[in-house]
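Okay, handing you the structure first.
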Amino acid sequence: MEQATTQQAYSLFHQGTLALADVEANGMRVDVDRLDRTANKVTARITKLEGKLKNDEVYQTWRKRFGGKTQLGSRQQLGQVLYGEMGFKSDNKTKTGRVQVNESALEKVDHPFVKRYLEVEKLKKLKGTYLNGVKREVVDGLLHPSFNLHLVKTHRSSSDSPNFQNIPIRDKLIGKLIRSCFVAREGHQLVEVDYSALEFKIAACWWKDDAMVAYASDPTLDIHRDMAAECYCLPVDEVPKDVRFFAKNQFVFPELYGSYYVTCARNLWSVIESGGLKTKEGTPLDEHLLEQGIEQKDFEEHIEGVEEAFNDRFPTWSDRKEKWWNRYQRKGSFPLMTGFIISGVYSRNNLMNYPIQGPAFHCLLWSLIQMNRWLKQKRMRTKIVGQIHDSIVADVHEDELDDYLLLAKQVMTESIRKAWDWIITPLAIEAEVSPPGGTWFDKREVLL
DNA sequence: CACTGGAGCCAC
DNA sequence: AAACGTGGCTCCAGTG
């Protein structure tokens with residue numbers, strides 16, 4: 001990272017490196033016996049399911065086609081069997097023109113072999129990447145992942161050996177199998193504190209759009225909920241949680257970072273089925289849209305209208321993003337709010353994303369530095385053991401839980417705003433705590 | 001045998 | 001004019 005920078009940016013990463021070195025040294029406790037038992041169970045399940053796959057007639061076709069080169073893990077081979085030999089239709093191609101044989105493509109193939117294949121692949125990912133990855137790196141019951149500040153173009157962090165920042169959570173079963181192997185130290189509890197809607201708030205700080213700032217400042221307003229309502233023609237107070245989640249990830253963030261209605265419409269439509277999206281009354285969303293007079297063929301035009309309304313809702317953003325892109329094209333470099341100066345060749349979408357992604361993480365890093373410093377100065381038994389972009393994971397002594405939660409709230413929502421006056425929206429946090437003797441999977445939200 | 005790029009999947 | 005961003009890890013397939 002040989003970029004020009006300011007003293008404050010240098011200092012943030014200097015202090016940040018020292019703090020993250022403490023975090024690495026602290027390490028997260030692992031229940032190695034449970035990890036081993038889980039790995040054995042998952043291996044047995046994989047073996048059993050693979051045995052069934054090998055007895056399927058599809059596998060005979062596969063053997064006939066590839067002989068001794070047959071490999072169950074080869075998606076390319078599976079694609080040839082399904083789309084070449086068995087006559088299933090493939091629609092999507094990869095970047096380089098090969099047939100896509102990913103989960104969403106395979107979900108469209110109605111065959112028990114394929115269904116089972118997907119289940120096995122999920123378990124192999126769990127075993128190969130996560131269970132084995134943790135086992136490989138754990139030392140005396142402690143895991144010490146690396147946290148890097150020198151690798152990411154946006155000046156975010158990354159993590160490796162193992163990557164602590166992509167442990168499964170969305171698939172509840174897979175998440176449970178791996179996360180319940182992470183435990184607190186004796187007499188401690190795991191506590192995860194994360195910033196609420198941090199990237200959207202930082203976007204508001206960056207673009208200084210009044211409506212965006214208002215949305216990011218008023219806890220009763222919720223842009224993801226409201227855009228979900230518009231995209232799927234629902235009343236704002238009848239947006240299910242999963243529908244909000246998809247609107248956030250298939251509309252709001254893509255639009256902020258340079259996508260447009262055609263792509264958004266395609267993705268918003270495809271998650272209706274794959275996500276099993278329904279209204280609160282249980283009507284599938286495609287049926288609900290039909291009742292509102294929107295067929296699949298009308299959906300793109302509908303989202304085009306939602307996009308226009310989104311642009312009108314945040315007029316300063318709409319205006320400033322073009323000027324921002326033009327400014328970069330003249331100068332060839334640009335500053336982040338945290339003092340980093342980025343120069344080099346970047347796309348339009350990079351210019352939309354980098355000023356948000358980096359500084360959002362810097363809020364987390366600044367807070368982690370202060371909290372780590374305080375814990376050490378006060379000789380607390382609580383230790384910070386990890387960091388996931390907008391969240392901090394700590395191994396908290398039971399007697400120090402209240403102090404720690406108070407510290408987090410003070411530093412993450414108040415002190416930081418005194419240090420950085422460019423933060424013009426309130427910041428908020430949420431905390432999840434594992435019960436004494438519980439695991440990372442057992443964390444439950446607590447009121448602050 | 002070492003290495004590389006693509007594809008896929010996990011997270012935010 | 002073009003079309004969301006950032007990572008790490010694993011397996012396969014191909015190269016030398």
Side-chain angles (χ1 to χ4, degrees), chain A residues 66 69-80 92-106 117-118 121-134 136-137 145-171 174-175 177-179 192 194-195 197-200 202-203 245 248-268 303-304 307 321-322 325 329 346-361 364 386-391 393:
Chain A
F66 288 98
K69 290 196 161 42
T70 300
Q71 289 213 76
L72 265 182
S74 171
R75 302 284 185 125
Q76 207 174 291
Q77 290 184 9
L78 177 61
Q80 297 235 5
N92 291 320
K93 294 271 199 296
T94 69
K95 257 204 311 216
T96 59
R98 305 187 212 179
V99 262
Q100 264 188 353
V101 196
N102 57 20
E103 187 177 3
S104 79
L106 292 176
Y117 185 89
L118 282 171
E121 285 292 288
K122 280 245 183 296
L123 293 172
K124 280 162 80 174
K125 172 79 175 168
L126 169 68
K127 174 73 170 29
T129 299
Y130 299 105
L131 296 170
N132 290 354
V134 171
R136 187 189 307 128
E137 298 289 344
S146 294
F147 292 99
N148 315 297
L149 290 180
H150 63 301
L151 297 177
V152 182
K153 293 187 288 183
T154 59
H155 300 75
R156 239 199 195 184
S157 67
S158 72
S159 168
D160 66 75
S161 308
N163 183 353
F164 187 71
Q165 297 176 321
N166 72 345
I167 310 288
I169 188 165
R170 292 209 33 79
D171 183 314
I174 301 288
L177 289 171
I178 180 67
R179 285 184 178 240
E192 187 165 351
D194 71 295
Y195 273 114
L198 184 60
E199 275 197 28
F200 186 71
I202 300 306
F245 175 85
K248 167 182 165 185
N249 292 308
Q250 310 296 343
F251 185 84
V252 177
F253 282 128
E255 288 281 353
L256 285 174
Y257 295 148
S259 188
Y260 78 134
Y261 70 93
V262 174
T263 310
C264 292
R266 184 168 17 91
N267 294 335
L268 285 165
I303 296 300
E304 184 179 11
E307 179 182 84
K321 60 184 179 182
E322 298 313 319
W325 170 232
Q329 288 179 298
Y346 297 100
S347 69
R348 187 181 191 281
N349 289 348
N350 291 154
L351 266 287
M352 301 302 130
N353 176 264
Y354 289 19
I356 319 293
Q357 190 181 103
F361 167 68
L364 190 282
Q387 161 269 126
I388 313 170
H389 308 302
D390 68 352
S391 81
V393 181

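Chain letters run A, B, ... following the sequence lines, proteins first and then strands; every chain starts at 1. No experiment lies behind these values; they were computed from the predicted model shown.
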Is the backbone of A:Ile167 close enough, under 3.5 Å, to the side chain of A:Arg179 for a donor and an acceptor to pair up by distance? yes

Closest to the A:Tyr260 side chain: C:dA13, B:dG8, C:dA3?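 Minimum distance to the A:Tyr260 side chain belongs to C:dA3.
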
Can you check whether A:Ser158 has a side-chain N or O nearer than 4.0 Å to OP1 or OP2 of C:dG8? yes

Atom CZ of A:Arg266 and atom C1' of C:dC4: how far apart are they, to the nearest Å? 12 Å

Heavy-atom check, side chain of A:Tyr130 versus side chain of A:Lys125, under 4.5 Å: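 Result yes, sub-4.5 Å side-chain heavy-atom pair found.
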
Using a 4.0 Å heavy-atom cut-off across all strands, classify A:Gln71 as base, sugar-phosphate, or nothing.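 The residue A:Gln71 makes sugar-phosphate contact but no base contact.
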
Could you tell me whether A:Lys153 contacts a base, only the sugar-phosphate backbone, or nothing, with contacts defined as non-hydrogen atoms closer than 4.0 Å? sugar-phosphate

Nearest of C:dG5, B:dG6, B:dC10 to any side-chain atom of A:Asn166?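 Closest nucleotide to the A:Asn166 side chain: B:dC10.
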
Touch check for A:Leu256, heavy atoms < 4.0 angstrom, all strands: base, sugar-phosphate only, or nothing? nothing

Are OP1 or OP2 of C:dC11 and a side-chain N or O of A:Gln76 less than 4.0 angstrom apart?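 No, outside the criterion.
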
Which residue lies more 5' along DNA chain C, comparing A:Gln250 with A:Pro162 via nearest heavy atoms: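 It is A:Gln250 whose nearest nucleotide is closer to the 5' end.
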
What integer distance in Å separates A:Asp194:CG from B:dC12:P?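 So the two atoms are 9 Å apart, to the nearest Å.
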
For A:Glu255, answer base if it contacts any base atom (sugar-phosphate contacts may also be present), sugar-phosphate if it contacts only those atoms, and nothing otherwise; contact means non-hydrogen atoms under 4.0 Å. nothing

Taking the minimum atom-to-atom distance to the side chain of A:Arg156, which one of B:dC12, B:dA7, B:dC10 wins? B:dC12

In this structure, NZ of A:Lys124 is separated from CG of A:Leu72 (nearest 0.5 Å) by 6.0 Å

Verify the contact: side-chain N or O of A:Lys122 to OP1 or OP2 of B:dC10, cut-off strictly under 4.0 Å; return yes or no.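 True: A:Lys122 side-chain N/O within range (under 4.0 Å) of B:dC10 OP1/OP2.
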
What is the separation between atom CD1 on A:Ile388 and atom P on B:dC10, rounded to the nearest whole Å? 16 Å

Salt bridge present between A:Glu255 and A:Lys321 (N-O < 4.0 angstrom): no

Backbone of A:Phe164 reached by a side-chain donor or acceptor of A:Ser159 within 3.5 Å: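 Side chain of A:Ser159 to backbone of A:Phe164: a pair is present.
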
Roughly how far, to the nearest 0.5 Å, is CD of A:Gln165 from NE2 of A:His389? 3.5 Å

Going by modelled atom types, is there a donor-acceptor pair between the base of B:dC9 and the side chain of A:Lys125 at under 3.5 Å?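 Donor-acceptor pair under 3.5 Å: yes.
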
Near DNA chain C, which residues from residues 348-356 of chain A have a heavy atom under 4.0 Å away? A:Asn349, A:Asn350, A:Asn353, A:Tyr354

Any A:Arg136 side-chain nitrogen or oxygen under 4.0 Å from OP1 or OP2 of C:dT10: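 Looking at the OP1 and OP2 atoms of C:dT10, one of them is under 4.0 Å from a side-chain N or O of A:Arg136.
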
Using a heavy-atom cut-off of 4.0 Å across all strands, would you classify A:Val262 as base, sugar-phosphate, or nothing? nothing

Take atom CG of A:Leu198 and atom C1' of C:dT6, then tell me their distance rounded to the nearest Å.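 Between C1' of C:dT6 and CG of A:Leu198: 15 Å.
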
Backbone N/O of A:Asn349 and side chain of A:Asn353: donor-acceptor pair under 3.5 Å: no

A:Asn102 has an atom CG; how far is it from atom C1' of C:dC12, in whole Å? 16 Å

For a quick test of reading the model: is some side-chain N or O of A:Thr129 closer than 4.0 Å to OP1 or OP2 of C:dT10? no

Return the value, rounded to whole Å, for the distance between atom NE2 of A:His389 and atom C1' of C:dT6.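 Distance, rounded to whole Å: 7 Å.
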
Quick one: CZ on A:Arg348 to CD on A:Gln329, what's the gap to the nearest 0.5 Å?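 The distance works out to 9.0 Å.
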
So, is A:Thr263 near the phosphate of C:dC4, with a side-chain N or O under 4.0 Å from OP1 or OP2?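 Yes, such a contact exists.
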
Judged by atom type as modelled, is there a donor-acceptor pair below 3.5 Å linking the side chain of A:Arg156 to the main-chain atoms of A:Phe361?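 Not confirmed, A:Arg156 side chain does not pair with A:Phe361 backbone.
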
Which part of the nucleic acid does A:Ser157 contact within heavy-atom distance under 4.0 Å: base, sugar-phosphate only, or nothing? nothing

Proximity to the side chain of A:Thr96 - top-ranked nucleotide from B:dC12, B:dG8, B:dG6: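 Out of B:dC12, B:dG8, B:dG6, the nucleotide with an atom closest to A:Thr96's side chain is B:dG6.
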
Rounding to a whole Å, what distance do you find between A:Phe147:CZ and B:dA11:P? 16 Å

C:dG7, B:dA7, C:dG8: which one has an atom nearest the side-chain heavy atoms of A:Asp160?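 That would be C:dG8.
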
Indicate, with a heavy-atom threshold strictly under 4.0 Å, whether A:Ile169 touches base, sugar-phosphate, or nothing.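 A:Ile169: backbone/sugar contact only, no base atoms under 4.0 Å.
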
I need the CD-C1' distance between A:Glu121 and C:dC11, as an integer number of Å.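 After rounding, the reported distance stands at 9 Å.
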
Can you confirm whether the side chains of A:Ser391 and A:Glu192 place a donor and an acceptor under 3.5 Å from each other? yes

Across the strands shown, which category fits A:Ser161 at heavy-atom distances under 4.0 angstrom: base, sugar-phosphate, nothing?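 Touches sugar-phosphate only.
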
When you measure from the side chain of A:Arg98, which nucleotide among B:dA7, C:dT6, C:dA3 comes out closest?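 From the listed options, B:dA7 comes nearest.
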
Is A:Tyr257 stacked on the base of C:dG5, meaning ring centres closer than 5.5 Å and planes within 30 degrees of each other? no

